Number of protein chains: 2
Amino acid sequence: MTMNSVLENIKQAEHNCKEHGVRLTSKRKQVLSGLLQADKALSAYELVDQCKDESGKTMPAMSVYRILDFLAEEHLVHKLDSNNKYVACSHITCSHGHEVTQFLICEKCQRVDEINIDPSMIEQLQSNVKDAGYHLISPQLEMKCLCETCFTTFPHPN
Amino acid sequence: MTMNSVLENIKQAEHNCKEHGVRLTSKRKQVLSGLLQADKALSAYELVDQCKDESGKTMPAMSVYRILDFLAEEHLVHKLDSNNKYVACSHITCSHGHEVTQFLICEKCQRVDEINIDPSMIEQLQSNVKDAGYHLISPQLEMKCLCETCFTTFPHPN
DNA sequence: AATTGATATGATATATTGTATCATTAGAAG
DNA sequence: CTTCTAATGATACAATATATCATATCAATT
Ligand SMILES: [Zn+2]
Ligand SMILES: [Zn+2]
Ligand SMILES: [Zn+2]
Ligand SMILES: [Zn+2]
């Protein structure tokens with residue numbers, strides 16, 4: 001992501017936080033900015049390294065985890081359970097809600113696309129869940145994939 | 001799951017393994033049986049404890065991980081990325097394939113239901129992935145839920 | 001400006017999950 | 001029985017995550 005885009009995202013994130021009555025502190029900006037620049041999913045500890053590289057100062061892992069929790073609550077980043085990594089939300093500067101999020105995750109290069117789901121599909125998923133006697137609490141679909149580049153670059157089975 | 005059902009599942013699992021030219025050893029049976037009896041998702045280390053309780057002998061964590069890998073390859077257990085736990089396949093004694101598996105996971109009690117997806121839904125998911133320029137390599141949908149019991153028992157937001 | 005209370009961050013220890021590697025054992029095949 | 005392979009054990013360690021208490025920062029009030 002270009003530096004301009006990063007700044008634009010940060011600015012919008014700051015605005016969103018203000019509206020929610022919470023603060024996007026400089027550390028939180030630093031972490032979010034790191035994720036935006038990386039343009040892929042990073043682990044908490046990779047983010048520690050990235051912050052070190054950017055600023056020279058070490059950010060405690062504990063702080064990174066806390067900040068990632070905060071950013072996730074604000075829907076500014078998402079945690080990917082598939083690989084225990086974190087990715088910046090693709091929809092910070094647009095007005096998407098987050099009823100159901102779907103991620104396509106490249107297993108090789110950690111590139112992630114956050115795509116939209118057809119509302120009828122969401123409905124069907126919800127109704128499947130309900131029919132099975134469950135109550136959906138955190139709908140997030142993660143699909144383990146290869147991106148086009150990795151698919152053509154690396155050998156693969158099938 | 002009743003002891004009879006457990007034995008029936010083990011028997012079928014043994015048959016399946018024989019067909020694939022691999023061995024369902026006694027340790028592997030012990031782990032699979034532990035998961036079947038638990039009737040919910042367990043972590044690898046919870047399984048270590050369970051094996052200890054059942055047999056008196058300690059099974060090394062390393063072995064449990066290896067055995068879980070084996071069982072997963074045979075589609076006898078599934079790994080849930082959502083909570084880093086493992087669950088016995090619900091379809092050992094029936095003839096389901098595993099093109100796309102969908103799990104409803106209770107966040108409170110770790111109860112899991114492995115349900116079927118409508119083929120048209122699978123198709124649509126696949127086409128979404130393709131449209132985004134990705135290649136699906138391991139389709140497994142995990143939905144974080146509350147089961148009916150936990151939903152009515154515990155307080156919840158919304 | 002100083003006081004105070006709430007929020008954020010740092011420091012440290014520890015828990016949990018998972019892998020690498022080499023040694024040993026058990027099974028199948030000849 | 002021997003020999004080869006697959007399975008398991010033992011040990012060390014890496015990677016991910018949380019618990020807890022101390023300190024710093026910020027903003028409101030005096
Ligand atoms: Zn998002
Ligand atoms: Zn890729
Ligand atoms: Zn299954
Ligand atoms: Zn439950």
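Just so we're clear, the structure is a prediction, and the values are computed from it rather than from any experiment. Proteins get letters first, then strands, A, B, ... in listed order; numbering begins at 1 in each.
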All N/O donor-acceptor pairs, side-chain side in residues 131-138 of chain A, below 3.5 Å, sequence neighbours left out:
unit_1	atom_1	unit_2	atom_2	d
A/Tyr134	OH	B/Arg111	NE	3.1
A/Tyr134	OH	B/Asp113	OD1	3.0
A/His135	NE2	B/Glu148	OE1	2.8

Under 3.5 Å, which donor-acceptor pairs link side chains of residues 60-68 of chain A to any protein atom two or more places apart or in another chain?
none

Distance-only donor-acceptor hits, side chain of residues 31-41 of chain A, under 3.5 Å, sequence neighbours excluded:
unit_1	atom_1	unit_2	atom_2	d
A/Asp39	OD2	A/Met1	N	2.8

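Taking 4.5 Å as the limit, every side-chain heavy atom of A/Leu42 sits out of range of all side-chain heavy atoms of A/Tyr86. Between B/Glu99 and B/Ile117, the closest side-chain pair of non-hydrogen atoms is not below 4.5 Å.
Rounding to whole angstrom units, NZ of residue B/Lys29 and P of D/dA7 are separated by 14 Å. Between A/Ile67 atom CD1 and C/dT7 atom P there is a gap of 17 Å when expressed in whole angstrom units. Note: CG (B/Asp49) to C1' (C/dT16) measures 12 Å, nearest angstrom. What separates CG of A/Leu24 from P of C/dT9 is a distance of 10 Å, to the nearest Å. Computed from coordinates, the B/Lys57 NZ to C/dT25 C1' distance equals 13 Å when rounded to whole Å. Per the geometry, CE belonging to A/Met59 stands 18 Å off P belonging to D/dA24, to the nearest Å. When rounded to the nearest whole Å, the span between CD of A/Glu73 and P of C/dT7 equals 14 Å.
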Nucleotide N/O of nucleotides 26-30 of chain C paired with protein N/O under 3.5 Å:
unit_1	atom_1	unit_2	atom_2	d
C/dG27	O4'	B/Arg23	NH1	3.3
C/dG27	O3'	B/Arg23	NH1	3.2

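Stretches of at least 3 consecutive Watson-Crick or G-U wobble pairs, with each checked distance under 3.5 Å, appear in DNA chain D as C:1-30 with D:1-30.
Pairs engaging residues 115-124 of chain A under the side chain to side chain donor-acceptor pair (under 3.5 Å) rule: A/His96-A/Asn116, A/Asp118-A/Ser120 [sequence neighbours left out]. Applying the salt bridge (Lys or Arg N to Asp or Glu O under 4.0 Å) test to residues at least two apart or on different chains, the pairs with a partner in residues 81-90 of chain A are A/Asp81-B/Lys144.
Under the rule for a side-chain contact (heavy atoms from CB on, under 4.5 Å), the partners of A/Lys29 that lie at least two apart in sequence or sit in another chain are A/Ile10, A/Glu14, A/Leu24. Scored by the side-chain contact (heavy atoms from CB on, under 4.5 Å) test, A/His98 finds A/His75, A/His78, A/Cys89, A/His91, A/Thr101, A/Glu114 as partners (sequence neighbours excluded). Partners of B/His15 by side-chain contact (heavy atoms from CB on, under 4.5 Å), not counting sequence neighbours, listed by chain and number: B/Gln12, B/Glu19. The side-chain contact (heavy atoms from CB on, under 4.5 Å) search around A/Ser55 returns A/Gln30, A/Lys57, not counting sequence neighbours.
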- Item | Nucleic acid footprint by protein, nucleotides 11-20 of chain D - heavy-atom cut-off 4.0 Å, B for base, S for sugar-phosphate alone | -----BBBBB
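Taking only side-chain nitrogens and oxygens, A/Lys27 never comes nearer than 4.0 Å to OP1 or OP2 of D/dT25. At the phosphate of D/dA7, neither OP1 nor OP2 sits under 4.0 Å from any side-chain N or O atom of B/Thr25.
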